[in-house]
Amino acid sequence: MSVELKPCPFCGAKYPTVCKTKQKDGWRPFYYVLCDYGNGGCGASGQWNHEEGDAIEAWNRRAET
């Protein structure tokens, strides 16, 4: 997916990661965006979705300040 992720809204880390859960027993995987604590982030995560694009869209959605 080539959609750019916005920085973390909580800590400002610039490189969040799209994560995918493993499929188990035929269940569809979930995608979510993570502000990776191990990569200098705060550990915040976005909404879980069955589609990668939906997870990214949810992460990038921001209230206007």
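Here the structure is a predicted model, which is why all the values come from computation and not from measurement. Start at 1 with the first residue, then count along the sequence.
- In this structure, N60 contributes its side chain and A58 its backbone to no donor-acceptor pair below 3.5 Å.
- The shortest non-hydrogen separation linking I56 to L5 is CG2-CD2, 3.7 Å.
- Minimum interatomic distance between G41 and C35 (heavy atoms only, all atoms of both residues): CA-SG, 3.4 Å.
- Residue pairs satisfying the salt bridge (charged side-chain N to carboxylate O under 4.0 Å, His left out) criterion with at least one member in residues 30-51, sequence neighbours excluded, are listed as follows: R28-E51.
- Side-chain atoms of C8 and C42, non-hydrogen and from C-beta on, do get closer than 4.5 Å to each other.
- One distance of note links CG of N39 with CG of L34; it measures 9.5 Å at 0.5 Å rounding.
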Can you give me every donor-acceptor pair (side chain of residues 12-22, partner residue at least two apart or in another chain, under 3.5 Å) with its distance?
from: T21; atom 1: OG1; to: F30; atom 2: N; distance (Å): 2.8
from: T21; atom 1: OG1; to: F30; atom 2: O; distance (Å): 3.3

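- At least one side-chain heavy atom of P9 sits under 4.5 Å from a side-chain heavy atom of W59.
- Cluster partners of F10 are absent, since no Ile, Leu, Val, Met, Phe, Trp or Tyr has side-chain heavy atoms less than 4.5 Å from it.
- Closest of all the heavy-atom pairs between A55 and V33 is O-CG2, 3.9 Å.
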